[in-house]
Amino acid sequence: LLCHLEVTLIHKKILLQWVLQARTLSGAEAVNALRPFYFAVHPDFFGQHPREREINENSLKRLNGYLENLQKPGFKSFKPTQLTFYVREREQNSSDVQESFSAAGFRAVSFTLHTRDLLSTVLDILNSCSLSTEHVQSVNSQPHKEVKGTFYRPIKWDKTYYSFTGFKDPEEELEQAQRVEITLISWLDNSEKSAVKKLRKSLPLREELNRLKDELTHQLQLSDIRWQRSWGIAHRCSQLHSLSRLAQQSPEVLRNVKGHTVVFTDCSGMSATGHVMLGTMDVHHHWIKIFERLPSYYKLQKKMLLLEDRISHLLGGIQITYIEELQPLLTLEEYYTTLDAFCNRLLNSKLSFHPRSLRGLQMILESDRYAPNLHELGHFNIPTMCDLATLQWFIITKAQQARENLKRKEELTVVEKELISASTEKFSLKQLYKEPSISHAQMIDCCKRLLEESLPYLQGMHLCISHFYSVLQDGDLCIPWNWKN
């Protein structure tokens, strides 16, 4: 009986593999089919958005691991994998893939992979990111070419196979996982031990970080010390130790930094907001050069402020601003070049606004968009190369809405601050913060729902409101703002 069953199962396997030939993808075909997706999320395109770049890098590693497991022989354990990507926005009415992603706006997309074959996985990824699947369907409809080497395709066994062998039925496990959606309570219950362990391990370093930051701020008379990227506590301590050694070796050079904010980032220089940037990959010699050049940066900064005033005057008194949380990190030189180019365009045009008619309104300049828009926070996003006639009409028609948005922003900021304070107190949190991509409205909604819950897991923890669930390397808990109850 056992021999008969084994032979029957082998025949079934061969037959199913033959049937599946026409509706599966090879590994090479899967990679090719995902090219539009890789193009939309490739970390290199997020060079000026370090947090989004980091999230995409981590998600791509997990995705590649999932795809590799799909092709492993006899791999049975497929746990649903939740991924978050920042996807570059498509241009409307564009047929070319390269051109369709030319606008550098992006959005966060989260989805859960639970498919057991490459074709379904590829289609799920593309559909989740609102990308075309026509090229996948056309490839799949063609006769399957012979691929060198062995390619293992998923086999759907009869239920009696799992009853007889004692192996777990992956389809049944998947159905159970789909029925049990991740909830805040269940995730905290499963993640508490790991988070507490990591947090306890990081406590001495956290104390060291606070001590170093306070000492350097006082010693160099700095306004603040910040980090552009979400480096771990150990990396931050290392960076402060480097600055401390430099302050001991060359104290006279660092006198120029008095009153400034120092930001550890990917490159050295002065930022568009006037902060001193120290590249974490640069050696002390490069940092010393930046400190020595600070007086020349001050002159360029004054010229930049005059340019902003000139543009503001030409545009009816609207304030030119730079919002660090929403804009790519620009050096002072890059920002000055952007302002100068836009100002020259305005001077050469016949654009005219009534003097001071737009006072109280705000705008930011962007070099990677093509059409102006009004942000929900009330400021105008103005592309440097947009049509100026269109720009004038857009600002005039949206001015009242912009004022309303700015007023609402002030109200939301107050409410958000109150709810963060209330949540921190109720759950005895060490820290409650959010990612820059989380809006005021999203944070308010999240905190209101948190306050309705009893969450003893959170006592003494650091909680970050994000777009996905994660335990960071130093024990911080990340939860999506729209968590499920």
Side-chain angles (χ1 to χ4, degrees), residues 48 103-105 223 259-261 263 269-277 293-413 440:
Q48 294 181 315
S223 176
H260 279 77
T261 292
V263 182
M270 179 172 277
S271 72
T273 50
H275 299 330
V276 178
M277 302 188 300
R293 288 183 57 195
L294 286 180
S296 64
Y297 279 124
Y298 300 152
K299 295 178 182 178
L300 183 59
Q301 198 173 19
K302 288 180 180 178
K303 292 174 67 177
M304 181 202 74
L305 294 174
L306 290 173
L307 260 182
E308 287 185 337
D309 289 341
R310 187 71 182 274
I311 294 171
S312 175
H313 176 73
L314 293 170
L315 294 179
I318 192 170
Q319 180 188 358
I320 317 300
T321 186
Y322 182 92
I323 305 176
E324 289 181 281
E325 295 81 5
L326 300 177
Q327 292 183 258
L329 183 68
L330 296 178
T331 63
L332 185 62
E333 296 94 332
E334 290 170 335
Y335 188 52
Y336 179 83
T337 301
T338 300
L339 288 171
D340 188 47
F342 186 67
C343 186
N344 288 331
R345 289 194 69 216
L346 290 176
L347 290 171
N348 294 329
S349 72
K350 296 180 179 179
L351 201 66
S352 63
F353 286 87
H354 190 278
R356 297 183 295 280
S357 61
L358 299 178
R359 288 186 68 180
L361 297 182
Q362 299 175 354
M363 63 167 275
I364 64 175
L365 269 180
E366 296 189 336
S367 56
D368 50 13
R369 289 182 183 271
Y370 295 94
N373 67 70
L374 176 61
H375 196 276
E376 61 177 6
L377 298 181
H379 62 266
F380 288 97
N381 293 319
I382 308 300
T384 54
M385 298 306 295
C386 68
D387 178 72
L388 295 179
T390 303
L391 172 63
Q392 182 173 20
W393 176 251
F394 182 82
I395 292 179
I396 290 173
T397 55
K398 296 288 184 179
Q400 183 56 37
Q401 185 182 340
R403 295 186 191 279
E404 293 172 3
N405 287 7
L406 283 171
K407 184 179 179 181
R408 176 167 170 74
K409 172 191 171 183
E410 293 177 1
E411 295 169 351
L412 290 176
T413 302
H440 295 300

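Nothing here was measured: the structure is a model prediction, and the numbers come from that model.
The environment of Arg359 atom CZ is sparse: at most 12 non-hydrogen atoms of other residues, nucleotides or ligands sit within 6.0 angstrom. Counting heavy-atom neighbours within 6.0 Å of Arg310 CZ, excluding the residue itself, gives a total of 12 or less.
In this structure, Phe342 and Leu339 have side chains that are not in contact, with every pair of non-hydrogen atoms separated by 4.5 Å or more. By the 4.5 Å heavy-atom criterion applied to side chains, Met363 and Ile320 are counted as neighbours. In this structure, Lys302 and Leu306 have side chains that are not in contact, with every pair of non-hydrogen atoms separated by 4.5 Å or more. Looking at heavy atoms from C-beta onward, Leu351 lies out of side-chain contact with Leu314 at the 4.5 angstrom threshold.
Residue Tyr335 comes nearest to Leu330 through the heavy atom pair CD1-CD1, 4.2 Å, listed as atom of the first residue, atom of the second, then distance. A pairwise comparison of heavy atoms in Ser271 and Met277 identifies CB-SD, 3.8 Å as the closest pair. Annotation for Ala402 and Gly378: closest pair CB-O, 3.7 Å, computed over non-hydrogen atoms. Minimum interatomic distance between Leu332 and Gln301 (heavy atoms only, all atoms of both residues): CD2-N, 3.9 Å. Of all heavy-atom pairs between Leu406 and Gly360, the closest is CD1-O, 3.4 Å. Between Leu374 and Phe394, the shortest heavy-atom distance links the atoms N-CZ, 3.6 Å.
In this structure, the side chain of Ser312 engages the main chain of Ile318 through a donor-acceptor pair within 3.5 Å. Of the possible polar contacts, none joining the Asp340 side chain to the Tyr336 backbone as a donor-acceptor pair under 3.5 Å is found. Formation of a donor-acceptor pair under 3.5 Å by the Gln392 side chain with backbone atoms of Ser352 is found in this model. Proximity of a side-chain donor or acceptor of Arg345 to a complementary backbone N or O of Cys386 within less than 3.5 Å is detected.
With values rounded to the nearest 0.5 angstrom, Lys409 atom NZ is found 5.5 Å from Gln362 atom CD. Leu388 contributes atom CG, which lies 10.0 Å from atom CG of Asn348 (distance to the nearest 0.5 angstrom). Rounding to the nearest 0.5 Å places CD1 of Ile364 at 12.0 Å from OG1 of Thr338. Atom CZ in Phe380 sits 9.5 Å away from atom CG in Asn373 (nearest 0.5 Å). Taking CG of Leu346 as the reference point, atom OG1 of Thr384 lies at 10.5 Å (rounded to 0.5 Å). Annotation: the span from His440 atom NE2 to Arg408 atom CZ amounts to 10.5 Å, rounded to 0.5 Å.
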| field | side chain to side chain donor-acceptor pair (under 3.5 Å) between Glu308 and Tyr322, intermediate numbers included | value | CA-CA 11 Å; Glu308 287 185 337; Tyr322 182 92; over 6 Å; no

- Message: Could you go through Gln401 and Asn405, starting from their C-alpha distance and side-chain angles, then the distance that decides it, and tell me whether this counts as side-chain contact (heavy atoms from CB on, under 4.5 Å)?
- Response: CA-CA 6 Å; Gln401 185 182 340; Asn405 287 7; 4.0 Å; yes

Derivation of the side-chain contact (heavy atoms from CB on, under 4.5 Å) call for Lys407 and Arg403:
CA-CA 6 Å; Lys407 184 179 179 181; Arg403 295 186 191 279; over 6 Å; no

Residue pair His313, Phe353: steps toward the side-chain contact (heavy atoms from CB on, under 4.5 Å) verdict: CA-CA 9 Å; His313 176 73; Phe353 286 87; over 6 Å; no

